[in-house]
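Just so it is clear: chains get the letters A, B, ... in the order the sequence lines come, proteins before strands, and each one is counted from 1.
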Amino acid sequence: MTNDLKHLPRVGENPEMTPQALADNFRDLHPPLTERQAVIESQRCLYCYDAPCIEACPSDIDIPRFIRQIGEGNINGAAQTILEQNILGGSCARVCPTEILCEQSCVRNHDAECQPVLIGLLQRYATDHMNFDQHPFARTADSGRTIAVVGAGPAGLACAHRLTMLGHRVVIFEAEAKPGGLNEYGIARYKMTDDFARKEVEFLLEIGGIEIRYGQRLGDNLNLERLHADYDSVFLGLGLGASRALGLTGEDAPGLAPAVDYIKELRQADDLGELPLAKRCVVIGAGNTAIDMATQMARLGADEVTLVYRRGVEAMSATDHEQEIARANGVRILTWARPLQVLLDDGGRVAGMRFEKTHEQDGRLVGTDETFEIAADAVFKAIGQSFAEASLADPLAVELERDGERIRVDGSFRTSLPNVYAGGDCIAPGQDLTVQAVQHGKLAAHAIHQDLMAKQEAA
Amino acid sequence: MNSIVNGVDLSIDFAGIKAPNPFWLASAPPTDKAYNVVRAYEAGWGGVVWKTLGEDPAAVNVSSRYSAHFGKNREVLGFNNIELITDRSLEINLREIAQVKKDWPDRALIVSIMVPCEEASWMHILPLVEATGADGIELNLGCPHGMPERGMGAAVGQNPDLIEQVARWCKQYYSKPVIVKLTPNITDIRAPAQAALRGGADAVSLINTINSITSLDLDNMVAKPTVGSQSTHGGYCGSAVKPIALNMVAEIARDAPTRNLPISGIGGVSNWRDAAEFIALGAGSVQVCTAAMLHGFRIVEEMKDGLSRWMAEKSYRSVADFSGKAVSNTTDWKHLDMNFKTIAHIDQDRCIQCGRCYIACEDTSHQSIAQLVETSGAKRYEVIEEECVGCNLCQITCPVENCISMVPQETGKPYMSWEQDPRNPFRKAS
Ligand SMILES: Cc1cc2nc3c(=O)[nH]c(=O)nc-3n(C[C@H](O)[C@H](O)[C@H](O)COP(=O)(O)OP(=O)(O)OC[C@H]3O[C@@H](n4cnc5c(N)ncnc54)[C@H](O)[C@@H]3O)c2cc1C
Ligand SMILES: Cc1cc2nc3c(=O)[nH]c(=O)nc-3n(C[C@H](O)[C@H](O)[C@H](O)COP(=O)(O)O)c2cc1C
Ligand code: SF4
Ligand code: SF4
Ligand code: SF4
């Protein structure tokens with residue numbers, strides 16, 4: 001995959017990047033709370049009525065309740081409150097941009113204090129310290145139905161867990177060799193450390209009734225027609241498999257790679273010292289993927305990391321907090337410039353990038369003809385993920401109605417095909433966040449259940 | 001020690017006992033021996049009541065003695081102990097008291113005593129105490145744990161006749177001021193105060209500790225503090241008892257027979273404001289135990305500083321100036337003005353939309369707060385003035401200070417007590 005970066009030196013060649021230094025650089029970005037800190041922080045929560053933080057949580061977690069339970073020393077109770085709405089509450093506690101979700105709405109942001117309750121860290125405390133003798137959720141009586149879920153990412157997993165709670169059996173078809181989706185392959189390594197993603201999936205599967213089949217790729221060795229015929233319902237949680245292209249010549253030159261490919265390798269690496277290092281690195285994009293890429297390369301020991309975005313900081317989809325993290329790691333953020341040309345060396349490898357300065361005119365982005373170059377050993381593109389079309393190529397799948405490239409669904413996550421549902425990043429509405437994928441999966445499971453029950457009654 | 005702090009004279013004359021300030025340490029571990037008392041005087045305390053003396057052989061204490069009622073942040077709300085009176089010999093205590101009084105002539109030094117309820121016992125100990133030169137005595141008739149099982153402490157304090165008797169013996173065999181320390185473990189605090197007065201006591205002090213069990217070890221099914229596998233009830237003190245103590249002080253201060261009886265206020269005094277409250281309700285001095293046990297003697301510095309600044313601000317020139325000032329405003333329910341009306345007002349600029357006032361009033365009071373949802377989705381909480389009964393609940397639960405205020409309403413109606421109220425079926429004909 002990062003064959004195109006093979007020519008770069010390895011991270012470990014830098015004598016400063018000892019295994020210890022690398023381990024330190026990829027430790028938890030926000031260290032977990034100690035018991036004492038958790039208790040003190042829990043006391044800051046006002047136990048609001050109709051709490052605005054709950055409204056801001058995409059997965060509807062009863063935040064005041066779980067925080068009060070922490071304060072009362074009832075950690076299993078707190079964890080259950082979280083997990084009953086969000087079975088991936090442990091990963092959401094780590095990856096949610098709380099600064100634009102629950103914590104942004106916390107009433108303690110008000111002038112007098114300007115400091116929200118640290119909801120994310122409290123959620124992490126509860127889920128890290130829960131200690132159940134057996135899985136905290138039980139399955140109801142077997143319904144005799146089996147549902148096919150495609151994709152073992154947050155959406156698929158949440159859907160499967162809720163379906164099995166409701167008494168259905170689930171078979172998950174996953175293209176990769178491991179479950180978790182972007183939790184396993186995409187999240188910045190310092191946000192989710194160790195093998196947490198895998199452990200969380202193991203916990204989720206303890207409920208029973210879920211089988212995962214790996215190496216099963218829809219559009220390749222699997223097709224929607226078959227699934228539709230063999231299963232009572234189908235849920236598609238495909239995510240966004242492809243990275244958008246820059247559309248420039250030289251895009252396939254060694255030294256130019258999609259950020260997500262590099263991040264995937266970084267997350268899977270046993271030895272970070274073996275990764276290719278771009279001493280001078282350019283990242284193109286403005287979202288959290290771009291920030292994660294830039295920050296992680298800086299932490300691997302790059303000398304110069306520049307993030308380039310064609311508009312101003314206000315328009316960046318990465319939150320202020322994320323931008324701050326990048327800057328704190330020495331990343332230079334350059335705005336109002338767009339890529340014009342990939343610069344190659346004599347050997348045909350990436351040597352840098354030429355940019356054109358931009359500005360906004362009547363709300364439209366226009367070039368200024370003024371150009372400049374940045375020398376770089378590698379350029380990473382992070383200008384967005386797009387739908388991997390190959391997934392939906394079979395005769396039935398092509399019939400799925402779309403909103404742009406994404407799958408169209410109604411308010412209950414039903415696609416245009418009967419018995420076929422979809423959720424997570426592969427559908428249209430909302431923000432592409434782990435927590436939202438979980439919510440989609442959960443709500444889709446309820447819709448599937450209701451539709452099956454309605455059919456049963458009608459029959 | 002200079003009694004002038006921040007330009008205000010804090011000195012007091014309490015029933016003939018002079019002290020440079022009204023902050024005394026209550027009879028308890030902080031006043032257990034010369035070492036502690038000297039440190040307390042060095043820190044600036046105006047007086048101490050020496051840890052209760054008894055007859056030899058001295059009491060013996062168990063191991064594991066204290067427990068607490070904690071707030072959520074481990075702040076100590078209430079404190080509980082199962083200790084007895086001094087566990088050192090009478091002779092050592094008396095020797096130390098004499099020396100300390102000699103070295104610190106300007107500070108109040110009062111000796112607490114508890115001996116069996118027999119004339120001979122008092123006759124024996126009082127001259128010995130008198131010989132130390134201490135300024136007065138305090139009769140510990142209130143210890144609620146251990147000692148009552150031996151017929152002392154609260155066993156005496158709960159019987160007005162015995163209180164009167166003991167006070168009388170003390171006045172007979174001791175020449176200096178006698179303070180009777182009262183137990184709160186009784187239904188009407190006025191009875192023992194009146195008994196003390198009848199016996200000739202110069203003052204009362206209150207409260208001693210309240211019977212209590214603070215918490216349990218739920219794994220071992222035993223209360224705390226745990227002695228081996230057992231426990232026993234203790235005496236409760238600290239912040240949590242302040243409201244109970246304040247009421248008892250006020251009851252005595254406004255009771256006709258004891259109206260002019262000096263009161264040393266004790267129970268949960270932790271800062272200058274608590275002290276000012278006790279004094280305003282009739283106390284002439286205050287005594288502190290738990291707050292000193294939790295933070296050390298240095299707290300007296302903040303107490304003196306805070307009290308004197310507040311007094312200066314209010315133009316009170318001495319403690320006596322405001323002592324008892326709130327007594328006449330403390331009355332029986334039947335004298336309250338039935339025509340007074342106050343209602344809640346929410347300052348929308350301060351409100352953080354936590355909804356606590358709403359759910360409190362909605363679920364448990366008078367459904368007088370409306371939850372309005374603005375077009376932005378933001379909530380707005382408004383008092384429905386016609387429904388509000390002015391109970392203060394919303395103001396109490398609101399986490400933002402001064403966000404909800406209770407606003408007295410102009411009703412145009414004159415004062416009317418329940419006794420005059422036509423709604424009162426037992427109204428006195430006027
Ligand atoms: C680099 C990066 C960083 C991110 N950081 C954050 C963050 O910090 N916080 C946050 O909230 N969100 C973050 N996100 C977004 C978040 O990861 C996604 O919103 C979330 O994972 C979406 O879940 P999903 O289940 O819809 O899709 P995915 O997680 O993408 O899972 C889809 C699954 O389906 C499988 N699949 C795909 N196609 C097929 C097929 N044809 N056949 C069978 N299986 C298939 C995939 O292998 C995968 O396992 C980040 C995303 C990226 C790319
Ligand atoms: C550990 C301990 C021991 C005490 N011993 C005595 C005592 O020997 N004699 C006495 O009169 N009161 C004793 N008390 C009661 C205190 O003097 C005081 O009345 C009570 O603690 C209330 O005041 P506070 O709330 O400031 O602690 C004791 C209290 C404590 C905590
Ligand atoms: S808004 Fe803040 S204070 Fe209120 S319940 Fe939520 S976390 Fe607690
Ligand atoms: S004062 Fe009492 S009745 Fe009035 S709004 Fe507040 S809680 Fe309700
Ligand atoms: S309790 Fe106070 S801050 Fe909370 S909604 Fe009511 S008025 Fe506003």
Between B:Y381 and A:Y49 the two heavy atoms that sit nearest each other are OH-O, 4.1 Å

Answer with side chain, backbone, both or neither: which region of B:C357 has an atom nearer than 4.5 Å to a non-hydrogen atom of chain A?
-> neither

Taking everything shown except A:E206 itself, do over 12 heavy atoms lie less than 6.0 Å from its CD?
-> yes

Give, as side chain, backbone, both or neither, the part of B:D349 having an atom under 4.5 angstrom from any heavy atom of chain A.
-> backbone

Closest approach of A:V39 to B:N73 (non-hydrogen atoms, all atoms of both residues) | O-OD1, 4.1 Å

CZ (A:R65) with more than 12 external heavy atoms under 6.0 Å = no

For the residue pair B:Q371 and A:D50, what are the closest heavy atoms and their distance?
-> NE2-OD2, 2.8 Å

Give a yes or no on whether B:E374 atom CD has more than 12 heavy-atom contacts from other residues, nucleotides or ligands under 6.0 Å away.
-> yes

Which atom names give the shortest non-hydrogen contact between A:E55 and B:G377, and what distance separates them?
-> OE1-O, 4.5 Å

More than 12 heavy atoms of other residues, nucleotides or ligands under 6.0 Å from NE2 of A:H135: is that the case?
-> yes

If you count the non-hydrogen atoms of other residues, nucleotides and ligands that lie under 6.0 Å from CZ in B:R298, is the total more than 12?
-> no

Spacing of B:C354 atom SG and A:R108 atom CZ [to the nearest 0.5 Å] = 9.0 Å

Rounded to the nearest 0.5 Å, the CD atom of A:Q43 sits from the CD atom of B:E75 at a distance of 8.0 Å

State the OG1-OH distance between B:T397 and A:Y47, to the nearest 0.5 angstrom.
-> 11.5 Å

Heavy-atom neighbours of B:K314 NZ exceed 12 at 6.0 Å = no

